[in-house]
Amino acid sequence: AWCLIDLDASCTMGNPAGQKITSNAYFPPEMARQELAPSAGGTPQPPVVASIGFEMWYFGCLLYQLCTLDG
């Protein structure tokens with residue numbers, strides 16, 4: 001079986017995700033809350049945990065970019 005993964009920022013499911021920030025262009029909402037809360041004067045958010053839903057958001061971004069001309 002083939003597994004598609006970017007090992008640059010990979011982590012185990014259930015562990016904190018997004019610890020290596022290389023781009024903020026496509027953050028899932030939970031990652032944006034974590035990253036933007038301190039600069040907006042909000043309460044610091046707990047670390048985002050790696051989950052299937054978190055990965056599906058990024059997969060959806062990839063599909064969008066592959067299926068549109070301006071992606």
*Begin from the C-alpha positions of Phe54 and Ser51 and carry the test side chain to side chain contact (heavy atoms under 4.5 Å, CB included) through to its verdict.*
CA-CA 5 Å; Phe54 189 75; Ser51 66; 3.5 Å; yes
*Tell me, yes or no, whether the heavy-atom count around Met13 atom CE, taken from other residues, nucleotides or ligands under 6.0 Å, exceeds 12.*
yes
_Tell me if the CD1 atom of Ile52 is crowded by more than 12 foreign heavy atoms within 6.0 Å._
no
_Interatomic distance, Glu55 atom CD to Leu62 atom CG [nearest 0.5 angstrom]_ = 11.5 Å
*Please name the pair of heavy atoms, one in Glu30 and one in Val48, separated by the smallest distance, quoted to 0.1 Å.*
O-CG2, 3.5 Å
*Which pair of non-hydrogen atoms, one from Ala17 and one from Val49, has the smallest distance, and what is that distance?*
CB-C, 4.2 Å
